[in-house]
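Beneath this line is the structure, given in structure tokens, with notes to follow.
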Amino acid sequence: MINLNDFIIVDGVLCNYIGPGGPVEIPSGVTAIGKAAFKGKENVKSVFVPEGVSVIDNEAFSCCTYLRSVCLPQSMVELRRGVFSECPNLQQINLPENMQAIGQKAFAGCRRLSEISLPKKLTTIRYGTFMGCKSLGCITIPSGVTTIGESAFDGCNGLREVVLPETLVTIGHFAFRTCLNLDRLQLPKALTSIGDRAFASCLRLGDLLFPDSLTTIGESAFYGCMSMQRLSLPVSVTHLGRNAFSGCRGLKFLYAPGVDVTLFYRQDAVVPAVMGYLCKPELYADPEIARGYLYYAAHNKERLVPLLLAEDLAEGIATYAAGGKITAENVHSDFLEPAIEAQATQCIAFLLEWSGNNGTASVDFRL
């Protein structure tokens with residue numbers, strides 16, 4: 001039975017709850033739940049919201065430690081910022097199909113929330129919406145969503161599968177960072193941008209098929225994705241951020257024909273900044289991998305040179321290219337060790353020879 005004395009309601013807005021807790025049924029006639037109306041009410045266990053309520057304001061149920069379930073009406077249109085943030089025991093909530101917007105960090109810190117169905121009218125998943133939802137196992141982003149915002153699923157350690165819509169254009173910074181168990185992902189054909197550290201430390205994420213629409217991969221976007229082995233970026237990718245694939249210990253092959261040569265190195269590092277330093281020399285001695293770089297050289301020889309500044313690449317391809325048919329002239333370097341410089345000289349000469357330059361290289365590595 002509803003006790004109206006448990007609620008402070010002004011002009012249809014539930015401004016504060018002062019009741020004893022337990023299961024709470026909000027009275028009919030309420031049209032909105034105000035800012036922080038239930039915030040910190042640890043004794044609230046469940047909430048039933050009646051038809052007629054269309055908006056729940058900022059942090060209305062934030063920090064309701066023992067809140068387990070919420071029933072929302074079909075009249076609900078908008079959940080605002082931090083509505084259910086830091087409700088660690090929230091396990092069950094329905095999001096009505098008519099809902100059009102979910103605010104920033106709406107469910108951040110809901111550690112026991114294991115599943116949720118997103119309404120079809122959403123166009124954006126905002127900043128930190130599901131940040132730290134460690135029990136969330138899979139999520140389907142509805143068709144019509146064009147942007148997944150910064151840190152939207154950051155720290156969702158249990159997330160295994162994400163279904164992205166073909167309408168998606170942008171994946172924001174840190175969007176899926178430290179989703180340690182994410183191993184199923186298909187990038188949509190409309191995607192143009194992947195933000196900084198968007199998939200950093202997704203340890204189980206394997207090889208991806210990047211769409212031809214993609215133009216930008218941010219800094220450290222796939223840092224520490226140790227299960228990746230072979231990646232081919234479309235020519236449309238013209239910006240590849242620093243350390244984009246650094247720490248990908250299993251990565252054997254990276255093909256990036258559209259990327260500006262200057263993005264592959266820095267004055268303070270012998271190894272390419274894009275790849276980082278955790279690459280294994282023996283991987284590049286694989287003839288199949290070497291042939292991939294040779295194919296690259298035939299079409300983009302001026303773009304390949306900085307990749308050879310990495311000791312592992314130099315050693316591997318030099319081994320493959322050995323056989324006494326390599327000559328080179330005027331190869332300069334201000335920061336390579338002599339032995340590596342000699343190997344790089346051989347590599348470059350062979351690649352240029354293979355691509356029709358008669359075995360004579362004139363390359364200056366100085367920045």
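One-based numbering along the sequence shown. Computed from heavy atoms alone, side chains included, the values below leave out hydrogens, waters and symmetry copies.
Taking a 6.0 Å sphere around CD1 of Ile18, one finds it holds more than 12 heavy atoms contributed by other residues, nucleotides or ligands. The neighbour count for Glu51 CD, taken as heavy atoms of other residues, nucleotides or ligands under 6.0 Å away, is above 12. Heavy atoms from other residues, nucleotides or ligands lying under 6.0 Å from CZ of Phe7 number more than 12. Around atom CD of Glu115, no more than 12 heavy atoms belonging to other residues, nucleotides or ligands sit under 6.0 Å away.
Rounding to the nearest 0.5 Å gives a distance of 10.0 Å between OG of Ser69 and CG of Asn94. From Ser193, atom OG reaches atom CD1 of Ile171 across 8.5 Å, with rounding to the nearest 0.5 Å. Here the CG-CG distance, from Leu214 to Leu233, works out to 7.5 Å after rounding to the nearest 0.5 Å. The structure places CG of Leu231 at 7.5 Å from SG of Cys248, a figure rounded to the nearest 0.5 Å. Here the CG atom belonging to Leu67 is positioned 11.5 Å from the CD atom belonging to Glu42, to the nearest 0.5 angstrom. In this structure, CD in Gln91 is found 13.0 Å from CD1 in Ile116, a value given to the nearest 0.5 Å.
For Asp207 (side chain) and Gln229 (main-chain N/O), a donor-acceptor pair under 3.5 Å exists by modelled atom type. Formation of a donor-acceptor pair under 3.5 Å by the Asn58 side chain with backbone atoms of Arg81 is found in this model. In terms of modelled atom types and a separation under 3.5 Å, the side chain of Ser236 and the main chain of Asp212 share a donor-acceptor contact. Side-chain atoms of Ser75 come within 3.5 Å of backbone N or O of Gly52 as a donor-acceptor pair.
With sequence neighbours left out, the side chain to side chain contact (heavy atoms under 4.5 Å, CB included) criterion links Asn5 to Asn3. In this view, Asp183 and Arg204 satisfy the salt bridge (charged side-chain N to carboxylate O under 4.0 Å, His left out) rule, not counting sequence neighbours.
Two residues are said to be in side-chain contact when any heavy atoms from C-beta on lie closer than 4.5 Å; Phe61 and Val70 fail this criterion. The closest side-chain heavy-atom distance from Val24 to Asp6 is not below 4.5 Å. Put simply, the side chain of Phe107 does not reach to within 4.5 Å of the side chain of Leu136, judged on heavy atoms. The shortest side-chain heavy-atom distance between Gln186 and Leu209 does not fall under the 4.5 Å cut-off. Residues Thr215 and His239 are not in side-chain contact: their nearest non-hydrogen atoms beyond the backbone lie 4.5 Å or more apart.
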Validation: residues 117-133 side-chain donor-acceptor distances under 3.5 Å, sequence neighbours left out:
from   : atom 1 : to     : atom 2 : distance (Å)
Thr129 : OG1    : Arg126 : N      : 3.2
Thr129 : OG1    : Arg126 : O      : 2.7

Side-chain donor/acceptor pairs under 3.5 Å, residues 145-168, sequence neighbours excluded:
from   : atom 1 : to     : atom 2 : distance (Å)
Asp154 : OD1    : Arg177 : NE     : 3.3
Asp154 : OD2    : Arg177 : NE     : 3.2
Asp154 : OD2    : Arg177 : NH2    : 2.6
Glu166 : OE1    : Lys189 : N      : 3.0
Thr167 : OG1    : Gly144 : N      : 3.0
Thr167 : OG1    : Val145 : N      : 3.4
Thr167 : OG1    : Val145 : O      : 2.8

If you look only at distance, which donor and acceptor atoms sit under 3.5 Å apart when one is on a side chain in residues 98-105 and the other is two or more places apart or in another chain?
from  : atom 1 : to    : atom 2 : distance (Å)
Asn98 : ND2    : Gln74 : O      : 3.2

Please tabulate, for the side chains in residues 31-39, all donor-acceptor contacts under 3.5 angstrom to protein atoms that are two or more places apart in sequence or on a different chain.
from  : atom 1 : to    : atom 2 : distance (Å)
Thr31 : OG1    : Gly12 : O      : 3.3
Lys39 : NZ     : Glu59 : OE1    : 2.8

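The cluster map of Ile, Leu, Val, Met, Phe, Trp and Tyr, joined by side-chain heavy atoms under 4.5 Å apart, puts Phe222 and Phe174 in different clusters. A continuous path of ILVMFWY side-chain contacts below 4.5 Å connects Val49 to Val30, so both sit in one hydrophobic cluster.
If you check the side chains of Ser85 and Ser62, you find a donor sitting under 3.5 Å from an acceptor.
Between Phe210 and Phe245, the ring-plane angle classifies as perpendicular under the 30° and 60° cut-offs.
For the pair Cys87 and Cys63, the tightest heavy-atom approach, listed with the atom from each and the gap, is SG-N, 4.1 Å.
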